[in-house]
Amino acid sequence: MKQEDNCIFCRIVRHEAKASVVMETQDLIAFDDIHPQAPVHVLIIPKKHITNLNSAGQDDLDLMGKLLLAAHEVARLKGIEESGYRTVINTNRGAGQSVFHLHLHVIGGRRMTWPP
Ligand code: AMP
């Protein structure tokens with residue numbers, strides 16, 4: 001069995017699992033987080049199954065760029081580009097990664113504290 005078969009985010013990519021989709025391109029899909037930590041909490045994922053940043057390589061340069069630029073597009077669509085938003089990628093369990101398909105969190109709509 002391939003990793004992709006059991007991956008919840010791959011199932012969202014294939015539209016087999018339900019998600020509230022915010023935007024979709026040929027390479028990426030963005031959807032609302034099921035347990036939002038702020039009024040806006042969107043996940044942007046590459047359609048290609050990449051486990052996390054440790055697994056991304058030179059072949060993914062273009063895709064990684066698109067992922068970052070999509071954060072701005074999501075913020076614009078959600079009306080938080082001016083008020084501000086935080087972008088987070090958790091890598092491995094120690095950082096809080098719980099779904100092992102690379103995703104970029106876009107979080108906003110409330111005041112953020114730092115450090116998180
Ligand atoms: P992380 O902890 O960085 O791996 O983030 C995983 C995120 O995925 C969490 O914020 C979860 O709430 C979210 N999540 C898990 N399953 C789903 C799902 N089926 N639809 C939307 N968000 C999900």
Side-chain angles (χ1 to χ4, degrees):
M1 185 189 280
K2 283 192 286 185
Q3 254 183 327
E4 290 90 315
D5 294 337
N6 247 339
C7 169
I8 179 63
F9 287 179
C10 285
R11 295 188 61 232
I12 289 174
V13 168
R14 296 195 296 264
H15 295 278
E16 290 169 10
K18 256 181 64 177
S20 166
V21 174
V22 175
M23 63 166 267
E24 183 169 1
T25 68
Q26 203 182 325
D27 310 292
L28 306 170
I29 186 163
F31 50 91
D32 292 316
D33 194 293
I34 206 166
H35 294 125
Q37 301 303 314
V40 175
H41 188 168
V42 175
L43 303 175
I44 312 172
I45 68 171
K47 289 186 172 177
K48 172 183 173 185
H49 183 92
I50 299 173
T51 302
N52 58 31
L53 278 184
N54 289 347
S55 321
Q58 289 296 317
D59 287 355
D60 303 310
L61 269 179
D62 190 51
L63 187 58
M64 293 297 113
K66 287 176 177 170
L67 189 69
L68 265 190
L69 293 181
H72 175 206
E73 178 63 4
V74 163
R76 195 186 64 75
L77 290 169
K78 290 286 189 177
I80 57 165
E81 68 175 327
E82 294 307 327
S83 59
Y85 55 97
R86 181 165 292 168
T87 46
V88 175
I89 299 177
N90 295 322
T91 303
N92 277 344
R93 290 201 194 278
Q97 185 176 11
S98 60
V99 177
F100 287 81
H101 180 133
L102 180 67
H103 49 281
L104 178 70
H105 296 256
V106 180
I107 306 167
R110 67 165 166 82
R111 191 110 197 133
M112 299 288 160
T113 57
W114 189 262

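Quick caveat: nothing in here was measured; it's all calculated off a predicted structure.
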Next item on the list: Verify side-chain contact (heavy atoms from CB on, under 4.5 Å) between Lys47 and Asp27, making sure each step is shown before the conclusion.
Entry: CA-CA 5 Å; Lys47 289 186 172 177; Asp27 310 292; 5.8 Å; no
Notebook entry, point to check: Going through the distances and angles, do Lys66 and Thr25 end up as a side-chain contact (heavy atoms from CB on, under 4.5 Å)?
Noted result: CA-CA 10 Å; Lys66 287 176 177 170; Thr25 68; over 6 Å; no
Note to self: Does Glu4 form a side-chain contact (heavy atoms from CB on, under 4.5 Å) with Val13? I'd like the steps, not just the answer.
What the structure shows: CA-CA 10 Å; Glu4 290 90 315; Val13 168; over 6 Å; no
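To the nearest 0.5 angstrom, Arg11 atom CZ is 10.5 Å from Asp5 atom CG. Atom CD1 of Ile44 is separated from atom CD of Glu24 by 13.0 Å, given to the nearest 0.5 angstrom. Remark: Ile12 CD1 to Ile34 CD1 distance equals 7.5 Å, nearest 0.5 Å. With rounding to the nearest 0.5 angstrom, the CG atom of Leu104 is 10.0 Å from the CG atom of Asn90. In this structure, the separation between CD on Glu81 and CD on Glu73 is 9.0 Å, given to the nearest 0.5 Å. Rounded to the nearest 0.5 Å, atoms CD1 (Ile29) and SG (Cys10) are 11.5 Å apart.
A pairwise comparison of heavy atoms in Asp60 and Ala56 identifies OD2-CA, 3.5 Å as the closest pair.
Taking hydrophobic clusters as Ile, Leu, Val, Met, Phe, Trp and Tyr residues chained together by side-chain heavy-atom distances below 4.5 Å, Tyr85 shares a cluster with Leu28. Linking Ile, Leu, Val, Met, Phe, Trp and Tyr whenever their side-chain heavy atoms come within less than 4.5 Å leaves Met64 and Ile45 in two separate clusters. In terms of hydrophobic clustering, with Ile, Leu, Val, Met, Phe, Trp and Tyr side chains grouped at heavy-atom distances under 4.5 Å, Val42 and Leu63 are assigned to a common cluster. When hydrophobic clusters are built by joining Ile, Leu, Val, Met, Phe, Trp and Tyr residues whose side-chain heavy atoms come closer than 4.5 Å, directly or via intermediates, Ile89 is grouped together with Val74. Leu43 and Ile8 end up in the same hydrophobic cluster when Ile, Leu, Val, Met, Phe, Trp and Tyr side chains are linked at under 4.5 Å.
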Under 3.5 Å, which donor-acceptor pairs link side chains of residues 93-103 to any protein atom two or more places apart or in another chain?
| residue | atom | partner | partner atom | Å |
| --- | --- | --- | --- | --- |
| Gln97 | OE1 | Asn52 | ND2 | 3.2 |
| Gln97 | OE1 | Asn92 | N | 2.7 |
| Gln97 | NE2 | Thr51 | O | 3.0 |
| Gln97 | NE2 | Val99 | O | 3.0 |
| His101 | ND1 | His49 | ND1 | 3.3 |
| His101 | NE2 | Pro46 | O | 2.8 |
| His103 | ND1 | His101 | O | 2.7 |

Table please: side-chain donor-acceptor pairs of residues 106-116 below 3.5 Å, with sequence neighbours left out.
| residue | atom | partner | partner atom | Å |
| --- | --- | --- | --- | --- |
| Arg110 | NE | Gln37 | O | 3.1 |
| Arg110 | NH2 | Gln37 | O | 2.8 |

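Considering only heavy atoms from C-beta on, His105 comes within 4.5 Å of His41 through its side chain.
Ring orientation note: the planes of Phe31 and Phe9 are nearly perpendicular, at an angle over 60° on the 30°/60° scale.
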